[in-house]
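Please read the structure below before turning to the comments.
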Protein chains: 2
Amino acid sequence: MAIAKQYTVNELLRRFQLNVTDSRKKILQLFLNQQEALAHADIEKKAGEKFDRVTVYRTLQTFVEKGLIHSIPTADNSILYALCKDDCTEGHHQDHHIHFVCEQCEKTACLDQVNIPEIKLPLGFKKEKIDVVISGICKACS
Amino acid sequence: MAIAKQYTVNELLRRFQLNVTDSRKKILQLFLNQQEALAHADIEKKAGEKFDRVTVYRTLQTFVEKGLIHSIPTADNSILYALCKDDCTEGHHQDHHIHFVCEQCEKTACLDQVNIPEIKLPLGFKKEKIDVVISGICKACS
DNA sequence: AACACATTGCAACAAAGTTGCAAAAAACAA
DNA sequence: TTGTTTTTTGCAACTTTGTTGCAATGTGTT
């Protein structure tokens, strides 16, 4: 299901079969307003009025399960979350885009334009999902 | 610097300019005996006699800094460690191999044979480092 | 052996994440 | 709208994970 800006937060939540609540609206809005990926801590801080830490955990988990956002593991052992641009469905994320981590501004973005070339695995290995994280200097910083 | 099995643990530690201690020998031996990547928790458990949690943290950190092992971030927000097969040097890891996570046995391995194809980034982005994690079913499980 | 230096383990702490449960809010039905 | 059911929230208590300072111990060197 595609997440496009023409939908309101309420409409989006409905489309993803989620009850419309305050925390979900605020947190989803955060993602819509934002280019780069967000960490749990960012969300706790930026979500305007403060929600309980537990609520943020549970909201993110729900969003991932329903396919609104996907998670990106990072080198420093934390998880970032970003909106799923398209064809992510409940339980199965198609992250066929790459993630770019800027070493200067430390922001992480999804590069939707870039395709991941086919990678041939040795005999016997079956590929289900591929995650590519490239770090370097982003467009804004160079 | 290449890590080959013909060297003893002691020799390896010396070569990487590390003092030879009990915990370092035991932990390095663990990695040498093992195909797949290890999590901090695995190491605490498997390291025969128990070392303090702090010692394990510090030993792993030292090994990463000196280039004996490299770390692999995982989707469930934990870090795995694996031996560096070759050309990793102090402070700079050349992880030009991919990591494969089996969804069945949950083991993570480095596929050294597989090369990462060139990925063209949009104008303005400068690539420094690339991490590829593929999940699916491994050879042993299929 | 004696020295300098590096490493360890303990304790205390900080941060991150989880669970159960009662209260509050949302959805649903009449 | 009102009442009923179901979902979500926030709190408290807890577990797990990771960090820091420091005294004691171990390692390398002469």
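Letters go in sequence order (proteins before strands), and every chain restarts at 1.
Per the geometry, NE2 belonging to B:H40 stands 17 Å off P belonging to C:dA16, to the nearest Å. Spacing between atom NZ of B:K26 and atom P of C:dT7 amounts to 18 Å, rounded to whole angstrom units. When the P atom of D:dT27 is taken as reference, atom CZ of B:R14 falls 11 Å away, rounded to whole Å. At whole-Å resolution of the value, CG in B:D52 and C1' in D:dG21 are 14 Å apart. Counting to the nearest Å, the C1' atom of D:dA24 and the CG atom of B:D22 are 16 Å from each other. Between B:E44 atom CD and D:dT17 atom C1' the separation is 10 Å, expressed in whole Å. Atom-to-atom, CZ of B:R24 to P of D:dT25 comes out at 19 Å; the value is rounded to the nearest Å. Across the protein-nucleic acid pair, A:I43 atom CD1 and C:dA16 atom C1' stand 14 Å apart, rounded to whole Å.
Distance alone, capped at 3.5 Å, is enough to place a donor-acceptor pair between the A:D42 side chain and the A:A39 backbone.
Between A:F100 and B:F125, the angle of the ring planes goes over 60°, which puts this pair in the perpendicular group of the 30/60° scheme.
The existence of a salt bridge linking B:E65 and B:R58 is excluded, since no basic side-chain nitrogen approaches an acidic carboxylate oxygen closer than 4.0 Å. Using a 4.0 Å cut-off between a side-chain N of Lys or Arg and a carboxylate O of Asp or Glu, A:K129 and A:D131 qualify as a salt bridge.
Comparing B:T21 and B:N77 by the nucleotide of DNA chain D whose heavy atom lies nearest to each, the residue mapping closer to the 5' end is B:N77.
For A:T74 and A:D76, the side-chain atoms include at least one donor-acceptor pair closer than 3.5 Å. B:E106 and B:Q104 share no donor-acceptor pair across their side chains, judged by distance under 3.5 Å alone.
Here the CD-CG distance, from A:E44 to A:D52, works out to 8.0 Å after rounding to the nearest 0.5 Å. B:I134 contributes atom CD1, which lies 14.5 Å from atom NZ of A:K126 (distance to the nearest 0.5 angstrom).
DNA chain C lies under 4.0 Å from at least one heavy atom of each of the following residues of residues 53-62 of chain B: B:V54, B:T55, B:R58.
Bending across the helix from C:dA1-D:dT30 to C:dA30-D:dT1, expressed as the angle between its end axes from five pairs apiece, amounts to 40° (10° rounding).
Judged by a 6.0 Å distance limit and a 45° cone about the ring axis, A:R24 is not positioned over the six-membered ring of A:F63.
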